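These figures come from a predicted structure and were not determined experimentally. Here is the naming used below: chain letters follow the sequence lines, and residue numbers restart at 1 for every chain.
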There are 2 protein chains.
Amino acid sequence: MARTRDALTHDRVLQAALALADSEGLEALSMRRLGSELGVEAMSLYRHVPNKKALLDAMVDSIVHDWIDDEATPAADWRRHIGAIMHRAHATLLARPWAVELVTVRPRVGDGRLRYAESITTALLEAGFTPQLAHHGLHIVDGTIMGFTAQQARRPTAAALGDRVQALYNGDLTADYPGISVTIREHHDHDEEYALMVDLVIDGLARLRDGNEPPRTGSGASYVLSLA
Amino acid sequence: MARTRDALTHDRVLQAALALADSEGLEALSMRRLGSELGVEAMSLYRHVPNKKALLDAMVDSIVHDWIDDEATPAADWRRHIGAIMHRAHATLLARPWAVELVTVRPRVGDGRLRYAESITTALLEAGFTPQLAHHGLHIVDGTIMGFTAQQARRPTAAALGDRVQALYNGDLTADYPGISVTIREHHDHDEEYALMVDLVIDGLARLRDGNEPPRTGSGASYVLSLA
DNA sequence: TTTCGGTTGCTTACGGTGTAAGCTTACGCC
DNA sequence: GGCGTAAGCTTACACCGTAAGCAACCGAAA
């Protein structure tokens with residue numbers, strides 16, 4: 001057998017793992033299964049990957065890396081730059097729903113994640129944000145991507161399994177839950193809703209930079225409340 | 001042995017599961033281990049819980065239930081009401097970091113989640129939000145809680161394992177990552193940063209309601225970009 | 001050409017997991 | 001007092017990640 005021809009490599013393993021997760025979901029991704037997908041025994045994979053967690057980390061980083069667009073110039077307009085990244089991240093994750101749980105849970109910092117963070121941070125710094133605000137800004141952008149996308153990515157599953165949700169639609173729970181019984185029937189376009197959130201966040205960032213800080217009644221006071 | 005005295009119940013199993021996760025983390029929570037914690041064989045648990053996933057769902061719902069405060073009156077001020085919920089959720093999750101991955105990943109709708117959603121939705125409706133905007137608002141609040149808290153909850157672990165992060169602190173990567181090399185040294189108080197985000201979101205919601213829509217340059221245009 | 005070192009993949013094995021099926025025990029009730 | 005029934009136990013299965021050691025093949029040196 002021509003061993004050299006289709007030799008295993010770290011990258012081939014990684015790509016196969018991504019493909020398997022894409023086609024059959026994350027829980028189908030076992031080392032044995034992945035091996036058989038490559039026509040190889042499970043333990044052979046360990047020549048190219050230290051362990052499964054490292055493989056998952058590599059998968060995450062490969063995905064996050066796609067969030068930034070190498071071609072694009074740094075973008076004169078920081079709003080467009082950051083907005084584009086947020087939308088690209090959203091699209092990527094919705095296309096690979098299984099990745100959401102990985103990305104939100106595994107904190108390892110690889111090249112992809114670093115370059116993504118760098119891209120956002122420098123955009124903010126160049127736009128006149130203080131280092132501290134840029135720091136917060138990165139977290140705000142990051143949190144928004146993760147939180148919002150996670151919620152949307154898991155929704156299809158929720159709908160499929162929705163026991164109570166069905167009852168809500170039927171109006172059977174109007175007495176107990178009058179509010180959501182109304183709003184649940186609202187039309188719901190993921191991309192549109194996300195765009196709303198992206199604008200809200202970017203606008204909020206601009207406002208922070210410009211120092212229009214204390215919002216009207218200062219809901220920050222509620223923070224003190226929460227400690228009681 | 002007085003069987004009746006310390007009989008197993010669904011609730012006792014649930015509480016033990018929460019306690020075990022609290023003390024030893026989520027991955028220590030196996031059915032065998034949980035059984036032994038209750039002085040019982042693993043399979044005995046299945047009398048009170050259909051399977052492990054259902055147990056995890058129950059754990060999630062029990063946590064989310066704590067996000068709303070039954071005592072509190074509906075709160076005249078919707079900002080304070082929603083802000084308080086967001087801060088309570090944040091505090092709860094930071095106290096139980098293992099819960100983050102569960103809450104963000106498991107979509108099942110239990111009583112806790114429904115009541116939480118209802119509480120936020122009615123607050124928005126009563127504050128004059130249209131049903132559609134209230135619907136979006138719930139998702140925005142929900143996504144913010146999850147995303148932002150997830151990010152903060154996993155940070156300690158990241159710091160512990162930070163291989164690259166250390167290099168960043170040392171300034172070894174300044175050439176490759178000038179931006180984050182600067183901002184990573186910024187002081188970082190979780191609660192303060194979260195309060196910033198909460199205010200940003202609530203303020204953004206108010207702005208949406210009042211129709212001050214198109215932010216300056218309309219970063220929404222970037223959304224179109226992201227489709228290309 | 002022959003040998004040899006090193007890489008690559010395979011085999012076997014261990015201790016863990018969730019849980020299906022069936023057995024035993026002991027309680028509450030007639 | 002006997003019995004139905006529910007609670008808990010035992011055994012077993014198919015899977016998981018991976019440690020340890022072995023076999024086969026490669027390219028390079030002799």
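Note: CD (A:E41) to C1' (D:dA19) measures 16 Å, nearest angstrom. For the pair A:M43 CE and C:dC14 C1', the computed distance is 12 Å after rounding to whole Å. Atom CG of B:L45 and atom P of C:dT17 are 13 Å apart (whole Å). The separation between A:L29 atom CG and D:dG17 atom P is 8 Å, rounded to whole Å. The nearest whole Å value for the distance from the CG atom in B:N51 to the C1' atom in C:dT17 is 14 Å. Straight-line distance from the CG atom of B:L34 to the C1' atom of C:dG16: 16 Å, rounded to whole Å. Atom CG of A:L55 is separated from atom C1' of D:dT18 by 14 Å (rounded to the nearest Å). The CZ atom of B:R47 sits 11 Å away from the C1' atom of C:dC23 (whole-angstrom rounding).
At a threshold of 4.5 Å between non-hydrogen side-chain atoms, the residues B:T122 and A:Y177 do not count as touching.
At a cut-off of 3.5 Å, with distance as the only test, no side-chain donor of B:H139 or A:Q151 sits close to an acceptor on the other residue. Side-chain contact annotation: B:H135 with B:T121, donor-acceptor N/O pair under 3.5 Å absent.
Which of D:dT18, D:dG8, D:dC9 sits closest to the side chain of A:Y46 comes down to D:dT18. Out of D:dG17, D:dC9, C:dT17, the shortest distance to the side chain of B:S30 is found at C:dT17. Side chain of B:K52, nearest nucleotide from C:dG18, D:dG8, C:dA20: C:dG18. Closest approach to the B:M31 side chain among D:dG8, C:dG18, D:dG17 is made by C:dG18 (side chain taken as heavy atoms from C-beta onward). Which of D:dT18, C:dG9, C:dT19 sits closest to the side chain of A:A42 comes down to D:dT18.
Between B:D22 and B:R96, at least one side-chain N (NZ, or NE/NH1/NH2) sits under 4.0 Å from a carboxylate O, which counts as a salt bridge.
Side-chain atoms of A:R32 and base atoms of D:dG17 include a donor and an acceptor less than 3.5 Å apart. Checked by distance alone, B:R33 brings no side-chain donor or acceptor within 3.5 Å of a matching partner on the base of C:dT17.
Below 30°, between 30° and 60°, or above 60°: for A:H90 and A:Y194 the angle between ring planes is below 30°, a parallel geometry.
Contact annotation: A:S44 side-chain N/O to C:dT8 OP1/OP2 distance is not under 4.0 Å. At D:dG8, one or more side-chain N or O atoms of B:H48 fall inside 4.0 Å of OP1 or OP2 (strictly under the cut-off).
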